[in-house]
Amino acid sequence: METPGRIKIIELFKSATGVVVTVKGWVRSKRGNKQIAFIALNDGSTIHNIQVVVDLNKIPEEQLKTVTTGACLRVTGTLVESLGSGQPVEIQAGEIEVYGTADADTYPLQKKGHTLEFLRDVAHLRPRTNTFGAILRIRHAMAFAIHHYFNEQGFYYIHTPLITASDAEGAGAMFHVTTLDINHPPKNEQGAIDYTQDFFGRETSLTVSGQLEGELCAMALGQIYTFGPTFRAENSNTPRHLAEFWMIEPEMAFYNISDNMDLAEDFIKYLVRYALEHCADDLKFLNDMYDKELLERLQGVCNTGFERLSYTEGVDILLKSGQKFEFPVSWGVDLQSEHERYLVEKHFKRPVILTDYPKQIKAFYMKQNDDGKTVRAMDVLFPKIGEIIGGSQREEDYNKLLARINEDKMEIDSLWWYLDTRRFGSAEHSGFGLGFERLLLFVTGMTNIRDVIPFPRTPKNASF
Ligand code: ATP
Ligand code: MG
């Protein structure tokens, strides 16, 4: 039999029957009897397997011994309409070549129906499951859609540094970057570690946000966005926090807080609509297997306006709700996920944008309101997730920004360059950060952030 070049399984479902094809992929299951064997093969191009039908009179059973779950194969055969109800087409095998075997006694994914917890322990193999195949394809589609959206809107993609000498939030827990010998670091006269002898000649860390550098570029190019890895050494073992995650940070000159909210809402709706249109099979699988309301929730977000109100109004609603929260609410506290979800899921039953937060709980760069108590922050709150976006209109006034930096006792000498944007050609501007994995939690319906990134980094876990 002549061996045509490899065709992806997703293409087979659109191909004409009666032709000889070659597919390559991994065995999901094998069953059958003395006359006939059925192999379900998947190559990652779609959630659907192709059924390979083997006539044991033509290919001896002996040859199929190593065709076990997890093995990698080449199959060449004739594509025919399927008689079974499970699939439109199948392959009548002419030739089977085993590329790599997978020992049935030791292959961890031998059986179906593993828990997500178990799969985290075999994160090196979980892309082979239907669930992670679906999640990773959706993750790709969302990344692509993000670039597409901003490109269409005339934003420029900016690469901000991962190694930084500043702390964007003023207080975020950061990972140190150093080449000093941690057992014998050089000391200065005061007995502290002498970072002048370190690689960069000063103390450096992994970035917690690309925003500050993003602002510099927005104040030159107009509209920019960053999309890169972000690191936070927060020891919060929650289902919504990673130590290494990806963040999308648009930053726009001449945008006020309300332009900023309009963009955030339009952007998220575009992404959800894109997923519904381009990831229909994978979303249907996740909807059927994990969360029967997923598709409905995604449609819902596309079709409703986000509720906009101030933090103060939000706190009032929570206080009057009569609801018992694990963390009590009062004006001035940072809202917990349970509070955010109450507003979204119980009170408004739609996404919510809260604005004008107390300045004590928000970062130094946010525009100060005239009341002297609040800043022009905005958090976008989503069902099931809580905060998905954090953003603000930025303080463009040099003196006000400087006063706040001093109030917060921040190290001014690592921020002089940032202050320069307010010294030279300052203007109103705004931006926000969308956590890529939080978006994926929403779009996939997964409930643990460890399940929407291929290799999660969390406290005490960096094995794979
Ligand atoms: P949270 O209160 O949930 O910790 P945050 O206020 O620290 O969030 P920001 O600093 O505003 O978050 O970051 C912007 C966005 O980045 C958040 O809205 C969220 O989507 C995402 N994000 C923040 N921290 C993490 C994390 N540790 N893991 C994953 N995503 C995160
Ligand atoms: Mg945080």
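Computation of the quantities below employed the complete heavy-atom set of this structure, encompassing side-chain atoms and omitting hydrogens, waters and symmetry-equivalent molecules. This is a predicted model, so every value here is computed, not measured.
- Salt-bridge annotation for Arg438 and Glu387: absent, with no side-chain N of the basic residue lying under 4.0 Å from a carboxylate O of the acidic one.
- Taking the ring centroids of His429 and Tyr255, they lie at or beyond the 6.0 Å cut-off.
- Side chains of Glu249 and Ser209: a donor on one and an acceptor on the other come within 3.5 Å.
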query: Going through the checks in order, is the side-chain hydrogen bond (donor to acceptor under 3.5 Å, both in side chains) test met by Thr179 and Asp198?
result: CA-CA 6 Å; Thr179 52; Asp198 203 352; 3.3 Å; yes

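- Contact detail for Ser414 and Arg202: the closest heavy-atom pair is CB-NH2, 3.8 Å.
- Taking Thr115 as the reference, nothing meets the side-chain hydrogen bond (donor to acceptor under 3.5 Å, both in side chains) condition, with sequence neighbours excluded.
- The structure places CZ of Phe325 at 11.0 Å from OG of Ser337, a figure rounded to the nearest 0.5 Å.
- Under the 4.0 Å criterion applied to side-chain N and carboxylate O atoms, Arg6 and Asp43 are assigned as salt-bridge partners.
- In this structure Ser310 satisfies the side-chain hydrogen bond (donor to acceptor under 3.5 Å, both in side chains) test together with Glu313, sequence neighbours excluded.
- Ile59 and Glu95 make their closest contact through CD1-N, 4.3 Å (heavy atoms, listed as atom of the first residue, atom of the second, distance).
- For the atom pair CZ of Arg128 and CG of Leu125, the computed distance is 6.0 Å after rounding to the nearest 0.5 Å.
- A side-chain donor-acceptor contact under 3.5 Å links Ser463 and Asn461.
- Listed by chain and number, the residues in a ring-ring contact (aromatic ring centres under 6.0 Å, His included) with Tyr270 are Tyr149 (sequence neighbours excluded).
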query: Can you list the steps and then say if Leu206 with Thr164 is a side chain to side chain contact (heavy atoms under 4.5 Å, CB included)?
result: CA-CA 6 Å; Leu206 292 177; Thr164 170; over 6 Å; no

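- Applying the side-chain hydrogen bond (donor to acceptor under 3.5 Å, both in side chains) rule to pairs touching residues 343-352 yields Arg341-Glu345, sequence neighbours excluded.
- Applying the side-chain hydrogen bond (donor to acceptor under 3.5 Å, both in side chains) rule to Tyr418 yields the partners Glu215, Arg422; only residues at least two apart in sequence or on another chain are considered.
- In this structure Tyr157 satisfies the side-chain hydrogen bond (donor to acceptor under 3.5 Å, both in side chains) test with no other residue, sequence neighbours excluded.
- Using modelled atom types, one finds a donor on one side chain and an acceptor on the other under 3.5 Å when comparing Glu90 with Ser82.
- Classification of the Phe150-Phe155 ring pair by plane angle, with boundaries at 30° and 60°, yields tilted.
- Here the two rings, on Phe231 and Phe245, have centers that are 6.0 Å apart or farther.
- Under the 6.0 Å cut-off for aromatic ring centres, Phe306 and Phe382 qualify, their centroids lying closer than that.
- Relative orientation of the Tyr311 and Tyr357 rings is tilted, given thresholds of 30° and 60° on the angle between their planes.
- Between His147 and Phe227, the angle of the ring planes lies from 30° to 60°, which puts this pair in the tilted group.
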